[in-house]
Every structure is written in structure tokens, then in C-alpha cells.
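Sequence lines set the chain letters: A, B, ... in the order given, protein chains first and strands last, and positions in each chain run from 1.
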Protein chains: 2
Amino acid sequence: MSRRNTGVSVRAVNAHACPVREVLDRVAGKWSVQILVAAARGPLRFTELERGIEGISRRMLTLTLRNLERDGLVTRTVHPTVPPKVEYELTAVAHELHETLRRLTDWAESNREYIAGARAAYDAEHRPELLDA
Amino acid sequence: MSRRNTGVSVRAVNAHACPVREVLDRVAGKWSVQILVAAARGPLRFTELERGIEGISRRMLTLTLRNLERDGLVTRTVHPTVPPKVEYELTAVAHELHETLRRLTDWAESNREYIAGARAAYDAEHRPELLDA
DNA sequence: CAGCATCCAGCGAGATACTG
DNA sequence: CAGTATCTCGCTGGATGCTG
């Protein structure tokens with residue numbers, strides 16, 4: 001009866017506590033956003049996604065896609081052919097999310113150097129032992 | 001030589017791999033965003049933050065504030081009084097981030113029911129065993 | 001008041017191997 | 001092609017107790 005690691009985040013439960021986290025949990029996984037971004041360009045097959053996302057494992061691609069599908073952010077279309085063909089596509093809601101995320105990454109782009117600088121300064125001040133890594 | 005759990009996220013290292021994750025890692029922790037939101041209203045003391053954020057532990061508040069400070073998102077001002085008084089305030093960059101995050105939560109608010117519905121439908125279809133939980 | 005140190009449970013995710 | 005199953009490890013974060 002174990003049912004260990006079904007791929008459903010525990011945070012989905014915590015979400016009741018805080019509407020803010022509710023958003024982020026939908027995007028918090030290591031791969032969710034990259035999948036959203038990759039799939040935003042149109043319907044893609046499983047293998048196309050896999051190749052488009054550097055470093056993702058088959059397992060995590062599957063699990064993350066399932067969760068996105070569960071949240072109504074991607075649609076999964078199975079073409080009953082041989083060999084099988086499955087296409088994933090963002091829903092309208094997910095496209096809105098994608099647009100919002102783009103503003104976030106824009107922010108990151110703009111402030112990446114600022115943050116890197118802040119880190120370096122902080123580490124020099126508070127963590128001198130890290131300087132010879 | 002253990003140095004276990006210094007509070008510095010492992011994902012900070014992964015960031016090199018993907019600029020997209022780089023943003024989210026700054027916000028991915030369980031409490032970062034809530035702290036950003038709470039602190040956005042003005043300079044707040046440690047205990048005020050603690051009380052303003054439901055359920056946060058002293059440890060996580062400290063760790064998360066340190067990381068935000070390290071990234072140049074909050075300033076930490078120590079008033080050398082007795083008893084000690086420490087105030088945290090968002091930087092200008094963090095205020096921009098906060099504004100961007102607000103759009104994200106707006107999206108969540110708008111689509112919260114849609115997503116809940118999608119989940120319920122998905123679970124009914126694919127996970128009937130969850131219906132009697 | 002504002003932390004830091006330590007211990008520990010539980011989840012996220014990588015590696016690997018097997019299937020319709 | 002498009003998955004699933006199992007094992008494992010390491011990090012995240014909660015609980016608790018101590019200090020300047």
C-alpha cells in the first residue's frame with residue numbers, strides 16, 4: 001500500500017494555507033517552467049520536448065507533464081498510430097501564465113548582474129571561506 | 001568538514017544551466033515570496049515579519065531573510081540598542097520583483113477555480129482512488 | 001529581541017531497467 | 001515512441017533548545 005512518490009507535490013496540500021504559494025507551487029518544480037516555455041511555441045511531441053529541454057530525464061518529463069495536465073495547463077493528445085504519437089500543447093490559461101512568466105524572466109535578465117554583484121559582495125563580507133572554492 | 005545545510009540553496013548552482021530557473025530559484029523557497037510580500041509594505045522588524053507570516057518558523061525566517069539579503073533584495077539594518085532592533089526593507093530591485101509577482105498572483109486568482117476544476121476532473125478520470133480520502 | 005546550532009523526517013529528482 | 005517501476009541520495013524545512 002505504499003504508493004510512494006506519485007508525482008503529486010505535497011505543496012499542493014499546503015496551498016490551502018496561502019494563495020500566494022498556490023501560484024508558485026504550480027511552477028515550483030525544477031522543470032515546470034521550462035516545459036511551459038518549450039511547449040509555448042506550439043504542439044510538441046514527447047520526444048521533441050525531451051530534446052528541447054537540456055538535461056531533463058524521461059521520468060521527470062513525464063511526471064511534470066502529468067501535473068501540468070492535471071492543472072489544466074497542457075492538453076495531451078494521443079494519436080493511436082504505430083509507433084505511438086502524443087502531442088502536448090498549452091491551454092489558453094497556460095499561455096497567459098507563460099506571458100506573465102516572461103515578465104519575471106525579463107526582470108531577471110535586467111537585474112542579473114545586480115544580483116550577482118550583491119552576492120559577491122555579501123560573500124566577501126560574510127563568507128570569506130567561500131572565496132577559494 | 002560537514003557544513004551541512006548552510007541555508008544556501010543547491011539550485012543556486014544549477015542556475016548556471018538555465019536563465020529561467022535562475023529567476024525562480026530566487027523565489028522558489030517555501031517562504032521567500034511571502035516575506036517579499038510582507039516586507040513590501042515598509043520596513044519591518046524581525047518579530048513583526050514573524051507575526052505577519054502565518055506558520056513560519058524563526059529558523060526559516062532567518063535563513064530566508066539572509067538569502068534575500070545576499071541577493072540584494074532586502075536590506076538589514078541593525079540598531080545597536082537594548083533590546084536589539086533589526087529592520088528589514090525591500091530594495092528598489094525587490095520592489096520591481098514584487099510588482100511582477102503581483103501579476104502572477106493575479107493570474108492565480110483569476111484562474112484558481114479553473115485549475116481546481118481541472119484537478120477535480122483529472123482526478124475523477126485518472127485517480128478514482130483519491131475520491132474517498 | 002533576534003538570532004544560531006543541532007537533529008531528523010520527508011519529499012524531489014537522478015539513475016537505471018523494463019514495456020505496449 | 002512514449003512511457004512505467006524501483007531504488008537511492010541529498011536537500012528542504014520543521015522542532016527544539018541555547019545565547020548576546
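- Of the candidates C:dG3, C:dG14, D:dG3, the closest approach to any side-chain atom of A:R59 belongs to C:dG14.
- Within 4.0 Å of A:T62, counting heavy atoms only, lies at least one base atom of the nucleic acid.
- Minimum atom distance to the side chain of A:R66 is reached by D:dT4, of the listed D:dT4, C:dG14, D:dC1.
- Electrostatic pairing of B:D106 and B:R102 counts as a salt bridge here, judged by a charged N lying under 4.0 Å from a carboxylate O.
- Closest to the side chain of A:V86, from the set D:dG13, D:dG20, D:dA2, is D:dA2.
- If you measure from atom CG of B:N67 to atom C1' of D:dT12, you get 12 Å, rounded to the nearest angstrom.
- Distances were taken from every side-chain heavy atom of B:M60 (C-beta onward) to each of C:dG14, C:dA2, D:dG14; the shortest belongs to D:dG14.
- Between A:D25 atom CG and D:dG13 atom C1' the separation is 14 Å, expressed in whole Å.
- Within the 3.5 Å criterion, the main-chain N or O of B:R45 finds a donor-acceptor partner in the side chain of B:E48.
- Among the heavy atoms of the strands lying under 4.0 Å from B:R45 are primed sugar atoms or P, OP1, OP2 only; no base atom is included.
- Atom pair A:E48:CD and D:dC1:P shows a separation of 11 Å (rounding to whole Å applied).
- Going from atom NZ of A:K30 over to atom P of D:dC11 covers 12 Å, rounded to whole Å.
- Look at CG on A:L63: it is 15 Å from C1' on D:dC7, rounded to the nearest Å.
- For the pair B:W31 CH2 and D:dG13 P, the computed distance is 9 Å after rounding to whole Å.
- In this structure, the nucleotide among C:dC4, C:dA13, D:dG3 sitting nearest to the side chain of A:R76 is D:dG3.
- Closest approach to the A:T47 side chain among D:dC1, C:dC1, D:dG14 is made by D:dC1 (side chain taken as heavy atoms from C-beta onward).
- What separates CZ of A:F46 from P of C:dG20 is a distance of 18 Å, to the nearest Å.
- In this structure, of C:dA2, C:dG14, D:dG13, it is C:dA2 that holds the atom nearest to the side chain of B:R58.
- Residue order along DNA chain C, read from the 5' end via each residue's closest nucleotide, puts A:I56 first among A:I56 and A:P84.
- The distance from atom OH of A:Y88 to atom P of D:dA2 is 8 Å, rounded to the nearest whole Å.
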